[in-house]
Amino acid sequence: FENVGFAYPTRPDQSIVHDISLTVKPGETVALVGSSGAGKSTIFNLILRYYDTVAGAVLVDGVAVDQVDPADLRGRIALVPQDTVIFGSSVADNIRFGRPGASNAEVRDAARLALADEFVLQMQNGFETMVGERGLKLSGGEKQRVAIARAILKNPPILILDEATSALDSGTERDIQDSLHRLSENRTVVTIAHRLSTIVDADEILVMQDGQVVERGSHAALLAKSGLYTEMWQRQEASEAA
């Protein structure tokens with residue numbers, strides 16, 4: 001990101017992000033944290049080119065994203081969202097959405113790595129089980145595992161995680177974090193995190209407030225500053241202790 005600014009077309013006078021600059025090197029993980037409305041999701045929308053910037057530029061491999069075919073850009077990116085879209089088809093079809101030409105064996109391998117096979121194999125028809133409209137037969141955590149399996153199957157160079165373990169209990173979250181860690185190896189990762197404990201190993205953490213980056217650094221460096229990140233960390237620790 002080079003001095004990026006953005007406002008939604010319907011509200012051109014209301015800037016959402018202001019003068020954002022950041023670099024994520026190949027293989028690095030950068031985490032975005034901050035309160036709701038800070039601009040974190042807007043960063044994702046600009047990477048995926050759901051919107052174009054109004055100032056500055058977003059570049060991937062040195063090429064501005066508004067100069068390439070959006071399909072080519074998005075083909076290099078896998079997204080694990082907070083709210084997973086599930087289709088009224090089979091479990092296998094939903095995972096295969098990550099790479100439509102994948103074989104059954106590849107789908108099963110992706111499910112295993114995402115720890116989705118644990119619940120799929122308990123279903124009456126296994127991977128051919130129909131999950132219902134919007135996945136009504138799946139829990140929130142099961143939907144999240146399907147989304148992670150999709151990303152594993154797609155095998156992209158860039159991975160975007162949007163509160164990727166938000167629907168999971170703490171025990172399952174630890175298992176999924178292990179899977180995400182393996183998935184993230186040798187990839188460029190940008191992640192939004194609400195649970196700060198999930199991003200302590202990130203190469204860089206950006207603390208956002210009112211559309212700006214107000215703090216940046218590693219987990220240890222940010223704690224040493226005793227600023228906004230430290231306040232967020234202490235609040236979460238107190239909440240979990242209670």
Side-chain angles (χ1 to χ4, degrees), residues 27-29 31 41 44 47-48 71 74-202 236 240:
E28 279 191 343
T29 294
S41 294
F44 279 10
I47 294 173
L48 290 160
R74 295 165 192 161
R76 296 175 56 78
I77 301 171
L79 169 65
V80 180
Q82 183 173 2
D83 297 314
T84 303
V85 175
I86 299 292
F87 304 101
S89 187
S90 68
V91 175
D93 286 344
N94 270 282
I95 294 174
R96 192 177 278 112
F97 184 72
R99 181 157 54 87
S103 68
N104 289 336
E106 289 171 326
V107 168
R108 291 171 183 267
D109 282 344
R112 177 179 53 80
L113 291 171
L115 304 180
D117 61 335
E118 294 181 357
F119 74 85
V120 174
L121 295 177
Q122 294 178 5
M123 295 177 166
Q124 183 174 3
N125 296 313
F127 282 88
E128 298 309 312
T129 300
M130 304 299 288
V131 298
E133 192 68 24
R134 298 183 180 178
L136 60 86
K137 294 183 180 179
L138 301 178
S139 69
E142 289 168 348
K143 292 177 183 178
Q144 211 79 345
R145 295 193 200 196
V146 168
I148 294 169
R150 282 178 185 165
I152 291 172
L153 187 63
K154 188 171 185 178
N155 193 27
I158 300 171
L159 183 63
I160 295 179
L161 308 176
D162 185 0
E163 301 280 13
T165 59
S166 61
L168 308 177
D169 60 67
S170 57
T172 304
E173 180 186 40
R174 285 192 294 270
D175 291 337
I176 292 296
Q177 283 295 332
D178 289 341
S179 295
L180 288 173
H181 180 72
R182 290 195 297 272
L183 174 61
S184 299
E185 289 180 355
N186 302 316
R187 300 184 203 279
T188 304
V189 182
V190 184
T191 179
I192 289 176
H194 173 68
R195 295 176 183 171
L196 301 182
S197 58
T198 64
I199 48 94
V200 295
D201 294 327
Q236 284 202 8
E240 292 172 1

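One is the number of the first residue; the rest follow in order along the sequence.
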Closest contact, heavy atoms only, [X] versus [Y]:
X	Y	result
K154	I77	NZ-O, 2.6 Å
E106	L153	O-CD1, 3.6 Å
A151	P156	O-CD, 3.5 Å
T129	Q124	OG1-N, 4.3 Å
T188	G27	OG1-N, 3.4 Å
S41	I192	N-CD1, 3.7 Å

Does the side chain of [Y] come within less than 4.5 Å of [X]'s, by heavy atoms?
X	Y	result
L138	Q144	no
D162	F44	yes
V131	E142	no
N94	R150	yes
V85	K143	no

Checklist entry - Does atom CZ of F97 have more than 12 heavy-atom neighbours from other groups under 6.0 Å away? => result no
Next on the checklist: Please check if the number of heavy atoms outside N186 that lie under 6.0 Å from its CG is greater than 12.
Outcome noted: no
Kindly compute the distance separating [atom1] ([X]) from [atom2] ([Y]), expressed to the nearest 0.5 Å.
X	Y	atom1	atom2	answer
D109	I152	CG	CD1	10.0 Å
L79	T84	CG	OG1	8.5 Å
L196	Q236	CG	CD	4.0 Å
R134	F87	CZ	CZ	12.0 Å
K137	M130	NZ	CE	8.0 Å
I95	S89	CD1	OG	11.5 Å

Checklist entry - R145 side chain to L115 main-chain N or O, any donor-acceptor pair under 3.5 Å? => result yes
Next on the checklist: Applying side-chain contact (heavy atoms from CB on, under 4.5 Å) to R99 and V107, what does each step give before you reach the verdict?
Outcome noted: CA-CA 9 Å; R99 181 157 54 87; V107 168; over 6 Å; no
